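Structure, as structure tokens:
Chain letters run A, B, ... following the sequence lines, proteins first and then strands; every chain starts at 1. Every value quoted in this text rests on a predicted model; they were computed, and no experiment measured them.
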Amino acid sequence: MPELPEVETIRRDLQRLLPGKVIEDVKLLFPGFVKYPDPGEFVRLCRGKAVLQTGRRGKYLFLHLSEGFLLAVHLRMTGRLLYYPKQEPPALHTRGVFSFAGGGELHFHDVRKFGTMWLVEPGALDRIGGLKALGPEPLREGFSPAFLHECCRKTTRPIKSLLLSQEAAAGIGNIYADEALFKAGLNPRRRANSLTREEAEKLRDAIREVLREGISARGTSRRDYLDAGGRSGSYQDRLKVYGRKGQECPLCRCPVQRVVIAGRSTHFCPACQAVKGE
DNA sequence: CGGACAACCTGGTTGC
DNA sequence: TGCAACCAGGTTGTCC
């Protein structure tokens with residue numbers, strides 16, 4: 001569920017709450033979410049570690065712990081990280097509870113059980129599945145128009161598919177991909193290698209804009225997403241095309257269409273995002 | 001290379 | 001009301 005803006009919102013919440021706290025215990029209600037090391041070792045290694053700092057890479061959330069350990073979290077579709085200042089009985093779909101010395105709990109809640117965590121030492125980042133293949137952070141300098149254009153030039157796949165692959169930029173998901181393509185006026189089926197330099201630049205700017213707007217709105221809450229305080233975001237009220245099949249395009253009032261690309265539902269305005277090129 | 005599809009899971013919505 | 005079908009913000013693996 002959560003894409004870059006949602007993960008970043010949670011990270012900022014946790015950055016205010018966790019640094020300085022020491023993990024006293026971890027209860028695994030569904031140990032399957034622990035990918036590395038084995039669940040027993042995971043719990044043993046977490047105990048007594050302090051949270052020093054939070055971080056994020058694409059949709060991966062990091063808690064930097066003492067002794068050089070890194071706790072990496074991927075929330076996938078329905079994962080939530082919920083902080084409670086006092087003891088809280090676990091909800092139905094709570095999969096793990098981190099309790100801190102002196103009070104406070106972090107609950108990992110995940111209806112669909114897709115979410116995953118890893119606990120690794122520095123230099124063992126390759127233990128974290130998928131992390132290595134990530135493209136640049138879209139809100140940092142490395143995500144230049146030239147870089148995006150080069151990524152596009154190398155593949156014939158639809159531009160929507162490229163955006164979802166995480167290779168061109170880390171952290172874009174289904175919602176922000178559709179919103180960025182709308183903002184850039186590009187048809188989601190456009191072959192990536194048919195984008196001109198100007199179009200790639202426009203898309204790069206659009207990606208950065210929608211992600212920044214998403215963060216400002218504290219994320220998009222459609223069904224499952226909540227921040228670390230259990231609050232909804234508000235970007236769902238600002239979506240132009242995503243989830244708006246049959247409703248009017250805000251620019252031209254043409255009905256928004258829904259199609260399936262790369263197995264994912266895709267929303268666009270057939271007029272504002274008419275197919276150009278090939 | 002990349003597309004199509006299934007898998008991993010559970011729950012909510014839609015339509016008959 | 002019941003029930004089946006379809007849908008869901010993500011990633012990985014298999015087959016062709």
Side-chain angles (χ1 to χ4, degrees), chain A residues 1-10 29-36 56-61 72-81 91-96 108-118 127-135 151-181 188-194 207 210-211 213-215 217-227 232-246 258-267:
Chain A
M1 87 182 180
E3 308 182 27
L4 187 153
E6 289 75 35
V7 178
E8 178 62 15
T9 299
I10 294 169
L29 288 73
F30 166 69
F33 75 81
V34 177
K35 292 303 160 193
Y36 185 86
R56 182 190 58 74
R57 179 82 173 88
K59 299 169 195 167
Y60 292 78
L61 180 73
V73 182
H74 197 303
L75 299 170
R76 307 283 172 167
M77 298 283 266
T78 56
R80 296 173 181 167
L81 285 173
L92 177 60
H93 300 296
T94 299
R95 309 306 183 186
F108 174 53
H109 183 277
D110 186 17
V111 170
R112 292 176 72 179
K113 296 179 172 173
F114 292 168
T116 48
M117 292 193 196
W118 303 259
R127 295 277 186 196
I128 303 172
L131 192 60
K132 219 170 132 187
L134 292 185
C151 280
C152 288
R153 215 184 50 71
K154 284 191 280 199
T155 179
T156 62
R157 65 207 297 199
I159 185 63
K160 163 85 185 245
S161 173
L162 176 65
L163 293 184
L164 291 180
S165 76
Q166 309 299 301
E167 296 157 25
I172 301 170
N174 210 30
I175 293 178
Y176 295 95
D178 283 4
E179 293 298 309
L181 288 168
R189 283 200 204 281
R190 269 287 290 282
R191 300 281 148 198
N193 66 352
S194 77
I207 288 167
V210 298
L211 293 177
E213 289 167 8
I215 292 170
R218 299 187 55 81
T220 304
S221 294
R222 303 198 83 239
R223 34 181 63 208
D224 296 300
Y225 168 71
L226 297 175
D227 67 22
S232 296
S234 66
Y235 201 64
Q236 64 278 8
D237 301 330
R238 309 243 283 273
L239 297 174
K240 306 279 203 295
V241 287
Y242 187 86
R244 300 189 71 249
K245 177 186 174 183
R258 177 188 178 276
V259 296
V260 174
I261 298 173
R264 311 299 302 283
S265 85
T266 299
H267 309 76

Who pairs with L134(A) by side chain to side chain contact (heavy atoms under 4.5 Å, CB included), at least two apart in sequence or on another chain? R57(A), Y60(A), L131(A), Q166(A), A170(A)
Whole angstrom value for the distance that separates P of dG10(C) from CZ of R80(A): 16 Å
Any chance you could list the contact pattern along nucleotides 11-16 of chain C? Use B for base contacts, S for sugar-phosphate-only contacts and - for none, protein heavy atoms under 4.0 Å, 5' to 3'. BS----
Using a 4.0 Å heavy-atom cut-off across all strands, classify T116(A) as base, sugar-phosphate, or nothing. nothing
Does R191(A) reach the side chain of P158(A), with side-chain heavy atoms less than 4.5 Å apart? yes
Going 5' to 3' through nucleotides 6-13 of chain B and flagging B where a protein heavy-atom sits under 4.0 Å of the base, S where only the sugar-phosphate is that close, and - otherwise, we get --BBBB--
Base, sugar-phosphate, or nothing: which does R157(A) touch, judged by heavy atoms less than 4.0 Å apart? sugar-phosphate
Scan side-chain atoms only and decide if Y225(A) and E3(A) contain a donor-acceptor pair under the 3.5 Å cut-off. no
Using side-chain heavy atoms (C-beta onward) and a distance below 4.5 Å, is D178(A) in contact with T266(A)? yes
Pick the C1' atom in dG10(C) and in dC1(B), then give their distance to the nearest Å. 22 Å
According to the Watson-Crick and G-U wobble definition with distances under 3.5 Å, which dot-bracket string, read 5' to 3', encodes DNA chain B, using [ ] for crossing pairs and | for pairs with another strand? .|||||||.|||||||
Please check if the side chain of R56(A) supplies one atom and the backbone of G58(A) the other of a donor-acceptor pair under 3.5 Å. yes
Any non-hydrogen side-chain atom of N193(A) less than 4.5 Å from a side-chain atom of C152(A)? no
Find the distance I128(A):CD1 to dG10(C):P and express it as a whole number of Å. 20 Å
Contacts of type side chain to side chain contact (heavy atoms under 4.5 Å, CB included), residue Y36(A), not counting sequence neighbours: W118(A), V120(A), R127(A)
Do P5(A) and Y235(A) come within less than 4.5 Å of each other through their side chains, counting heavy atoms only? no
Give me the distance, rounded to whole Å, that separates dT10(B) from dT1(C) when you measure between the C1' atoms they each carry. 23 Å
Inter-nucleotide P distance (dC5(B), dC6(C)), Å rounded: 14 Å
By salt bridge (Lys or Arg N to Asp or Glu O under 4.0 Å), K59(A) pairs with (sequence neighbours left out) none
Min side-chain heavy-atom separation L75(A)-R80(A) under 4.5 Å: no
What's the CD1-P distance between I261(A) and dA4(B), to the nearest Å? 10 Å
Select base, sugar-phosphate, or nothing to describe what P5(A) touches, counting heavy atoms under 4.0 Å on all strands. nothing
In terms of heavy-atom contacts, I10(A) and D227(A) come closest through CG1-CA, 4.1 Å
